[in-house]
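Worksheet: the structure to be examined is printed underneath.
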Amino acid sequence: MNEIIFMLGDWPVRTIDALIGFGALVLILLVVIAVVIGRSGRRGAELAMAHAIRADELEERLSEVLRAQSESSGRVDAMTQALAGRQAEMTRAVNERLDSVTHRVGQSMEHSTRNTMESLRALHERLGIIDSAHKNLTDLTTQVTTLRDVLANKQSRGAFGQARMEAIVQDGLPKGAYEFQFTLSTGKRPDCVVFLPDQRPLCIDAKFPLEAMTALHDARTDEERRVATQRLRGDVMKHVSDIAEKYLVTGETQEMALMFVPSESVYAEIHDGFDDVIQKAYRARVVLVSPSLLMLAIQVMQQIMKDARMRDAADQIQTEVIKLGDDLGRLRDRVVKLQKHFSDANEDVRQILISADKIEKRAGRIEELDFSKSDAEGPRLVATGAGALFPRKLQAGE
């Protein structure tokens, strides 16, 4: 029991000392616990009293809360009903608005669809027109290419000018007033001749030199343009000289010939840029004509032929006018005689009407006679005597 358990500094701690210290410690702990338990009991009572008071307050507050809750429930029910009514009205209004909006949207969509369909139909029509125009443009391009190929060849170009000139002449003049490839006494054969009233043919040449004009259009430098201009002037004057030499025969043909230029643009360019060539051609009695001017010349020729035919028929017309005057005089005599017959007939009708009036009057007098019987007497006339019944003898014509 006196064994040393451990050393506390220089003080040895034995077993009995440890037991005594432990017991004292336990006793102190018990005292502390008892004190704590006593204090906690008083506090528990106080806490229980406070809890009871708080429970009463809480119960009162809970009853107030329940009463407020019941009142709130009533208000909530009323508000719920009011909200339900408002929600129903709002739903109805929203449905009406939605129906109206749907109707308007439907009408708008229908109108938009109709406008869209009309626009698409118009677009299809425009596309059809564009397709047709594109086809026509393609055909025109093909024709222009073909025309370019034709004009590139000299013989084809001559045939083209000849055909165009023949079409203009055939459209403007009657048959017999012109002839193609007519042979002159010199053996020359112009492309066309028109027989004027003096029976001297007017010669028309349809071959025009376009090579120089093409070269002038293709020229890029001043030197090339100058060379092409000189070539064009020389070719045209040479062709004018050939026409004057071949187709102007004194006493047989007209004193002037026509050189047909198958292009209005070429004719206008020659007139604008080569006035000296035009003047020299006039002096050589050769006139350059474009298709429109040839049409005008043909119309003038047709009018000249018509005037000549009218002059040739002037004597016959005068004779017929004289005969017409004689017929008119005889018609007047016959009308006068017919008028006289009508006058006589009117007089006869007037006399007949007079006689008819007299007969009607005498018939009235006959109707006034009394043929009634009285006693044994026979029929008695109201007015006796032949003079009373027939006052006078009818005259001839009454």
Side-chain angles (χ1 to χ4, degrees), residues 151 154-155 157-169 172-173 177-217 225-305:
L151 295 179
K154 184 176 181 179
Q155 294 180 352
R157 184 171 64 247
F160 171 75
Q162 176 75 20
R164 193 169 186 186
M165 182 268 297
E166 290 180 359
I168 294 173
V169 173
L173 293 177
Y178 61 89
E179 184 175 345
F180 300 117
Q181 303 300 324
F182 179 76
T183 303
L184 300 175
S185 61
T186 58
K188 303 298 181 181
R189 300 180 64 184
D191 296 326
C192 177
V193 295
V194 179
F195 300 105
L196 294 179
D198 58 357
Q199 297 303 317
R200 290 192 302 167
L202 175 66
C203 299
I204 303 175
D205 185 87
K207 296 180 289 293
F208 183 80
L210 288 177
E211 292 85 356
M213 182 63 69
T214 304
L216 181 60
H217 287 167
R225 192 173 294 104
R226 184 183 62 81
V227 172
T229 301
Q230 292 179 355
R231 179 184 175 185
L232 177 61
R233 184 176 283 105
D235 291 347
V236 174
M237 289 309 304
K238 182 178 183 303
H239 194 59
V240 168
S241 301
D242 294 339
I243 293 174
E245 181 180 354
K246 294 178 182 179
Y247 304 144
L248 295 181
V249 181
T250 305
E252 181 179 357
T253 64
Q254 296 291 330
E255 296 179 356
M256 184 174 294
L258 301 180
M259 183 171 67
F260 179 67
V261 181
S263 174
E264 296 286 349
S265 60
V266 173
Y267 178 80
E269 189 168 354
I270 292 175
H271 255 275
D272 291 339
F274 300 90
D275 186 66
D276 56 334
V277 174
I278 300 298
Q279 297 299 326
K280 290 179 181 179
Y282 281 160
R283 287 193 292 270
R285 295 179 297 172
V286 176
V287 179
L288 278 70
V289 292
S290 64
S292 59
L293 290 179
L294 181 60
M295 291 180 187
L296 180 61
I298 292 298
Q299 294 295 326
V300 173
M301 294 177 194
Q302 185 179 12
Q303 190 63 37
I304 291 173
M305 293 177 185

Inset, instruction - Report the C-alpha distance between Val261 and Val289 in whole Å, list the side-chain angles of each, state the deciding distance to 0.1 Å, and finish with yes or no for side chain to side chain contact (heavy atoms under 4.5 Å, CB included). - result: CA-CA 6 Å; Val261 181; Val289 292; over 6 Å; no
For the residue pair [X] and [Y], establish whether any side-chain heavy-atom pair is separated by less than 4.5 Å.
X      : Y      : answer
Cys192 : Phe260 : no
Met237 : Val277 : yes
Leu196 : Pro201 : no
Leu288 : Ile278 : yes
Val169 : Glu179 : no
Val193 : Leu202 : no
Pro291 : Arg164 : yes
Ile204 : Leu294 : yes

Out of curiosity, [X] [atom1] to [Y] [atom2], how far, rounded to the nearest 0.5 Å?
X      : Y      : atom1 : atom2 : result
Met305 : Phe195 : CE    : CZ    : 9.0 Å
Lys238 : Ile243 : NZ    : CD1   : 11.0 Å
Ser290 : His271 : OG    : NE2   : 8.0 Å
Ile298 : Met165 : CD1   : CE    : 9.0 Å
Ser241 : Lys280 : OG    : NZ    : 9.5 Å
Glu269 : Ser263 : CD    : OG    : 9.0 Å

Legend entry - Side-chain (Glu264) to main-chain (Ser292) donor-acceptor, under 3.5 angstrom: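 Yes, because the side chain of Glu264 sits within donor-acceptor range (under 3.5 Å) of the backbone of Ser292.
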Inset, instruction - For Met256 and Val286, run side chain to side chain contact (heavy atoms under 4.5 Å, CB included): C-alpha distance rounded to whole Å, both residues' side-chain angles, the deciding distance at 0.1 Å, then the answer. - result: CA-CA 6 Å; Met256 184 174 294; Val286 176; over 6 Å; no
Inset, instruction - Check whether the side chains of Glu166 and Gln162 place a donor and an acceptor atom closer than 3.5 Å, and report yes or no. - result: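 Yes.
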Inset, instruction - Using side chain to side chain donor-acceptor pair (under 3.5 Å) as the criterion, list what pairs up with Asp276, not counting sequence neighbours. - result: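 Testing Asp276 for side chain to side chain donor-acceptor pair (under 3.5 Å), a comparison that skips the adjacent residues, returns Arg233.
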Inset, instruction - Might you work through the side chain to side chain contact (heavy atoms under 4.5 Å, CB included) test for Glu252 and Leu184, ending with a clear yes or no? - result: CA-CA 8 Å; Glu252 181 179 357; Leu184 300 175; 3.8 Å; yes
Inset, instruction - Give a yes or no on whether Glu255 atom CD has more than 12 heavy-atom contacts from other residues, nucleotides or ligands under 6.0 Å away. - result: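 Not buried by this count: 12 neighbours or fewer within 6.0 Å.
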Inset, instruction - Please determine which of Asp242, Leu258, Thr253, Asp205 meets the side chain to side chain contact (heavy atoms under 4.5 Å, CB included) test together with Tyr247. - result: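 For Tyr247, the side chain to side chain contact (heavy atoms under 4.5 Å, CB included) test succeeds with only one of Asp242, Leu258, Thr253, Asp205, which is Asp205.
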Legend entry - Phe180 and Phe182 aromatic centres sub-6.0 Å: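 For Phe180 and Phe182, the ring centres are not under 6.0 Å apart.
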Inset, instruction - Looking only at non-hydrogen atoms, find the nearest pair between Ala284 and Ala244 and report the distance. - result: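 That would be O-CB, 3.8 Å.
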